[in-house]
2 protein chains.
Amino acid sequence: MTSVDPAAPPSGPATLPLSEAKARIIDAAAALFAEHGVGGTSLQMIADAIGVTKAAVYHQFKTKDEIVIAAAQAELDRLTAAIEAAEAIMYADGGAGRAREVLVTRIVALAVERRRMESTLTGDPVLVRYFASHAPFRAIMERLYRILAGEDGGPEARTRAAMLTAAIGGAVMHPLVADLDDDVLRAHLLHLARRFLDLPE
Amino acid sequence: MTSVDPAAPPSGPATLPLSEAKARIIDAAAALFAEHGVGGTSLQMIADAIGVTKAAVYHQFKTKDEIVIAAAQAELDRLTAAIEAAEAIMYADGGAGRAREVLVTRIVALAVERRRMESTLTGDPVLVRYFASHAPFRAIMERLYRILAGEDGGPEARTRAAMLTAAIGGAVMHPLVADLDDDVLRAHLLHLARRFLDLPE
DNA sequence: GTCTATACGCGGATAGAC
DNA sequence: GTCTATCCGCGTATAGAC
C-alpha cells in the first residue's frame with residue numbers, strides 16, 4: 001500500500017559525547033532549569049553550582065542558549081529513539097497501526113517520566129524558537145508526524161497529530177493531574193491517547 | 001440530577017478599567033510580547049514604543065511582571081466569559097452535555113483567534129508561575145474543569161480535561177497546522193475536541 | 001584544555017526633581 | 001505623570017595564567 005521511502009530509514013546515533021567540563025555544566029544547568037526555569041537561571045548560578053567562575057562556563061559554551069540547547073538535546077535523543085523504534089516496525093511490516101501504538105506508548109512514558117522537566121522543555125521561548133527554526137529538530141518532528149498522521153497529510157490528520165502531541169506534553173504538567181501518581185497518570189493518558197487515535201483497546 | 005450549588009453562580013464583571021497611561025503601556029506591551037516574546041521585550045522597548053522613558057513606565061507598573069500580568073488579564077477575561085456562558089446553561093437546565101458543548105466551542109474559537117499570541121500566554125514562565133500560584137486564576141480554572149470533568153473529579157475525568165485544554169491550546173500554535181486557515185483549523189479542532197469528549201456530532 | 005581576572009553594556013529597579 | 005540620575009546584577013566578551 002504505502003510505497004517504500006526513497007531514502008533508507010535514518011538511524012542517526014544520537015549525539016557525540018561531551019567533554020568532562022561540558023558534561024558537568026549541562027548536568028548542573030539541567031537541574032537548575034528544572035527548578036528555576038531557563039529564564040530564572042543565570043550563568044552565575046550554574047557556575048556557582050559547580051564551583052567555577054562565569055568565565056569558565058562561558059569558555060565551554062559561547063552563549064547561554066548553547067547550554068540550554070545542549071541540555072535539551074539529551075531529551076530530544078530519547079524522543080528520537082522512540083521514533084526510530086516505531087519506524088522500524090513500520091518499515092518492517094507491523095503496519096501503521098502497530099507503529100502508532102508503540103510510538104504513543106513510548107511518548108506517554110517519556111512525558112510522564114519527565115513531567116517535572118516538561119514545562120522547561122516545551123515552555124521556554126528560547127527552546128521554542130530554536131527548535132522551530134533548526135532543521136534537525138524539524139526533521140525529527142517530521143518523522144514523528146508521519147507516523148501519527150500517516151501518508152495522508154490532510155488537515156484533519158495533521159490537526160489530530162498536533163492535538164495529540166500537545167495533549168500529552170501539556171497534560172503531564174497540568175495542575176489538574178498534579179496529585180496523580182505517575183502510574184495512574186500514565187495509564188489514563190495512554191488509554192485516552194489510544195482512544196483519540198482510534199487504536200484498538 | 002446534579003444538585004444546585006450552595007453558592008449562587010458567580011458573575012464577576014471582569015476587571016476594572018485602566019488609566020490612560022496604563023492602557024497605552026499594556027497595548028504597546030501586548031504587541032511587543034506577541035512579536036518578541038515576553039523575555040525578548042525590555043522595558044526600554046516598551047517605553048520607546050510609546051515615546052517615554054523607562055522610569056515613566058515604572059511609575060505605572062512597579063515591576064515588569066505586573067505589565068505581563070495586566071496584558072494577560074484581558075485574555076483571561078475572555079475565557080471567563082466563555083465559562084460563565086457555559087455555567088449559565090448548566091445552572092439553568094441545559095445539562096452538562098450542552099454546557100460542555102458551548103464551552104468547548106468557545107474555547108476553540110478563542111484559541112484559534114489568538115493563535116499568534118497563544119504561545120506568549122501559555123508558554124511564558126512568568127505567566128505560568130503567576131497563574132499557577134494566584135488564587136483568582138485557579139478559581140477560574142476550577143470552574144472550567146468542573147464543567148469539563150463534571151462532578152466526577154476522578155483521575156480519568158481530570159486527565160481528560162487536562163489533555164483537552166492542553167490539546168486545544170497547544171495545537172493552534174503547532175507548526176504542523178501553521179499553514180491551515182483559521183476556519184479550517186477551527187472546524188477540525190472543534191470536531192476532534194467534541195469527539196474526545198464523547199459529545200454527539 | 002581549563003580556568004581567573006576584568007571589563008562593557010543592557011535590563012530591571014529606585015529616588016527624587018519638575 | 002514624566003523626567004534625570006543612579007544602582008546593581010546578568011549576559012557577553014577578551015586576555016592571559018596554569
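Per chain, numbering begins at 1; letters A, B, ... match sequence-line order. FYI, side chains are in, hydrogens and waters are out, and symmetry mates aren't considered; it's all heavy atoms of this structure.
Residue A:Glu156 forms a side-chain contact (heavy atoms from CB on, under 4.5 Å) with just one option from B:Val184, B:Leu189, B:Leu192, and that option is B:Leu192. Of the options B:Leu148, B:Ile147, B:Ile140, a side-chain contact (heavy atoms from CB on, under 4.5 Å) to B:Leu144 is made by B:Leu148 and by none of the others.
Residues from residues 52-62 of chain B with heavy atoms under 4.0 angstrom of DNA chain D, sorted by number: B:Val52, B:Thr53, B:Ala55, B:Ala56, B:His59, B:Gln60. For residues 63-70 of chain B, proximity to DNA chain C is found at B:Thr63, B:Lys64, defined as any non-hydrogen atom under 4.0 angstrom from a strand atom.
By the 4.5 Å heavy-atom criterion applied to side chains, B:Thr80 and B:Ile83 are not counted as neighbours.
Taking each heavy atom of B:Ala167 and A:Ala167 in turn, the nearest pair found is CB-CB, 3.7 Å.
Atom CZ of B:Arg138 sits in a sparse spot, with 12 or fewer heavy atoms from other residues, nucleotides or ligands closer than 6.0 Å. Other residues, nucleotides and ligands contribute over 12 non-hydrogen atoms within 6.0 Å of the CD atom of A:Glu113. For CD of B:Gln44, the number of neighbouring non-hydrogen atoms (other residues, nucleotides, ligands) closer than 6.0 Å is greater than 12.
Think of the region where chain A sits on DNA chain C: with heavy atoms and a 4.0 Å cut, that region ends 5' and 3' at C:dT2 to C:dA5.
A straight line from CE of A:Met45 to P of D:dC10 spans 9 Å, rounded to a whole angstrom.
Look at A:Arg186 and A:Asp183 and you find a salt bridge, because one of the NZ, NE, NH1 or NH2 atoms lies within 4.0 Å of a carboxylate O, short of that distance. Ionic pairing of B:Asp198 and A:Arg195 is present here: one or more N-O contacts between side-chain nitrogen and carboxylate oxygen are shorter than 4.0 angstrom.
When heavy atoms are screened at a 4.0 angstrom cut-off, B:Leu43 is found touching the sugar-phosphate backbone but no base atom.
Between the side chains of A:Thr159 and B:His191, no donor-acceptor pair is found at a separation under 3.5 Å.
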